[in-house]
Protein chains: 2
Amino acid sequence: MTVDGEPTTAGRRERKKSATRAAIRDAALRLAVRDGVENVTLDRIAGEADIALRTFFNYFSSKEEAVVAGAAGDFRAFVAAFRARPRGESVLQALREGVLDVMDQMVSDERDHISALVSIRGAPSLVPQLLAALAAQEDAFAEAIAERVDADTAGSLYPRLCAATALATLRITLDRWLEESPPGGVPSFATLRAEIDRGIAELAAGLDRPGAPE
Amino acid sequence: MTVDGEPTTAGRRERKKSATRAAIRDAALRLAVRDGVENVTLDRIAGEADIALRTFFNYFSSKEEAVVAGAAGDFRAFVAAFRARPRGESVLQALREGVLDVMDQMVSDERDHISALVSIRGAPSLVPQLLAALAAQEDAFAEAIAERVDADTAGSLYPRLCAATALATLRITLDRWLEESPPGGVPSFATLRAEIDRGIAELAAGLDRPGAPE
DNA sequence: CAATTTCGTGCACGTCGTGCATCTATGCAC
DNA sequence: GTGCATAGATGCACGACGTGCACGAAATTG
């Protein structure tokens, strides 16, 4: 399976659909990076992807959804990677290793939509869509967590709570890393891994802290 | 201060603005509950609030933002309540008590926008806006957390991580509670408090769990 | 009361998003 | 290969959305 978690083999019809979807997604992201999300019209995206404007809505329901589609695929890929980890690993171990697996997939991927997203993250109209894309994976992630723990825990608050907090942790960690990235090339993935390890360690150790003495 | 965290005294101009904003917010929520978010036009909201359509955009930039404004105010109120807790309380203690404080404010508030939100939460166009409204408070919350812990911790990943995970926990807990609420009246707040306590306890104890043995 | 600022409003314009009808390419059965 | 059934692509029309601009009314200031 690809980094997007989508199968590559299928009938001609399915392959054409995938190609069209990818063309739209890439065109939207490219134009958004070049001109700013707010300054891109669906007309131009459709032109760039060589489809009719009307056809755009057969694939995405808004400009923002198309721009963010790449990241949404990464989120799905992460859940798949988590699922693929050995059953013996603890939840946070599998989380850590799953993230690293996806990162490895991405660095070996020619198409670099991460550095593209860097330059437009924080655009007001994208923030809600990115958050929604992340939240859309919470249920699937929670189910994957439930499969990994014992029956009692699986039925409790824990799976959803852990899914939500883990995704929030990844979001915060990524955000900090991107913030501290100089505008030039993306800095070392090593620092990102270190940050993720720290975040996960905090989750594992518990999040309470004493108040100030005075 | 009110539950929205806004001052009540000011010049006539400010008071009129607040009143208009509240009128729009309430009209939007009322119509959204009655007819469904997707079936309400800005025209009708403006009519219900007795303002010109053009004026709507002086206060909100979209229908969804207006509908969600009440909840966004609650989020702000929570951060304020957290800040107001005694400095000696630990982070998660203050979190717990702050939430309860806000709940107390809300039950003593005549205007019940919680049960209104119950009936329209999950509307596809609202989800991103609700998440964004919550995320918008993360920075303020993180700063409040940083003020409560020692200097070393304040400068670390911890404040933002804790803010994000705590808000995610509240979101999940509220969501579960609303899901299990029968369509009739909102069920006891006691069960909500218990759920919140459980969620916070998990955060405090650490979120790792062993994998399945086989 | 006069000057100034802020806010409400109408108008025009471009963009967004959808329902509907039609046309074309694909897949399938034979 | 031929013809049929279906899914996808496209054009069209329409209503809703969101913003810039200019003007007038109300509030504030002094």
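These values consider heavy atoms only, across backbone and side chains, with no hydrogens, waters or symmetry-generated copies. Throughout, a chain's letter reflects where its sequence line sits, starting with A, and its residues are numbered from 1. Since we're looking at a predicted model, the values are computed, not measured.
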Discussion item. Which residue in the set A:T173, A:L192, A:V118 passes side chain to side chain contact (heavy atoms under 4.5 Å, CB included) when paired with A:L178?
Written reply: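 That would be A:V118; it is the only one of A:T173, A:L192, A:V118 passing the side chain to side chain contact (heavy atoms under 4.5 Å, CB included) with A:L178.
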Discussion item. My understanding is that only residues two or more places apart in sequence, or in another chain, count here; which of them pass ring pair (Phe, Tyr, Trp, His ring centres under 6.0 Å) with A:F82?
Written reply: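 Listed in chain order: A:F141.
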Nearest whole angstrom, please: distance from the [atom2] of [N] to the [atom1] of [X].
X	N	atom1	atom2	answer
B:R15	C:dC7	CZ	C1'	16 Å
A:E38	D:dG20	CD	P	11 Å
B:I51	C:dG10	CD1	P	11 Å

Worksheet item: Base, backbone or nothing for each nucleotide of nucleotides 12-23 of chain C, written B, S, -, heavy atoms under 4.0 angstrom, 5' to 3'?
Response: ---SSBBBB---
Worksheet entry | Under 4.0 Å protein heavy-atom contact, by nucleotide of nucleotides 25-30 of chain D - B base, S sugar-phosphate only | -BBS--
Item to complete: Kindly write out the residues that satisfy side chain to side chain contact (heavy atoms under 4.5 Å, CB included) with A:V37, not counting sequence neighbours, or none if the list is empty.
Response: A:A32, A:I120, A:A123, A:S125, A:L126
Worksheet item: Can you list the residues that meet the side chain to side chain contact (heavy atoms under 4.5 Å, CB included) rule with B:R30, with sequence neighbours excluded?
Response: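 Once residues adjacent in sequence are excluded, the partners of B:R30 under the side chain to side chain contact (heavy atoms under 4.5 Å, CB included) criterion are B:D26, B:A27, B:E48.
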Discussion item. Suppose we screen for side-chain hydrogen bond (donor to acceptor under 3.5 Å, both in side chains). Which residues come up paired with B:R148, at least two apart in sequence or across chains?
Written reply: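 For B:R148 there are no side-chain hydrogen bond (donor to acceptor under 3.5 Å, both in side chains) partners, ignoring immediate neighbours.
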Worksheet item: Does A:D43 have any side-chain hydrogen bond (donor to acceptor under 3.5 Å, both in side chains) partners at least two apart in sequence or in another chain, and if so, which?
Response: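 In terms of side-chain hydrogen bond (donor to acceptor under 3.5 Å, both in side chains), with neighbours along the sequence ignored, A:D43 is linked to no residue.
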Measuring to OP1 and OP2 of [N], would you say a side-chain N or O of [X] lies under 4.0 angstrom away?
X	N	answer
B:K17	C:dT6	no
A:N58	D:dA9	yes
A:Y59	D:dA9	yes

Practice prompt. State, to the nearest 10°, the angle formed by the axis through the first five base pairs of the helix from C:dC1-D:dG30 to C:dC30-D:dG1 and the axis through its last five.
Written response: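 End-to-end axis angle: 40°.
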Please list all pairs meeting salt bridge (Lys or Arg N to Asp or Glu O under 4.0 Å) that have one or both residues in [range], counting only residues at least two apart or in different chains.
range	value
residues 190-199 of chain B	B:R96-B:D197, B:D104-B:R193, B:R176-B:E195, B:E195-B:R198
residues 124-135 of chain B	none
residues 114-129 of chain A	A:R121-A:D175

Item to complete: Mind checking salt bridge (charged side-chain N to carboxylate O under 4.0 Å, His left out) for A:R44 and listing every partner two or more places apart, or none if nothing turns up?
Response: A:D35
Worksheet item: Is A:R25 salt-bridged to A:E65, going by a charged N under 4.0 Å from an acidic O?
Response: no
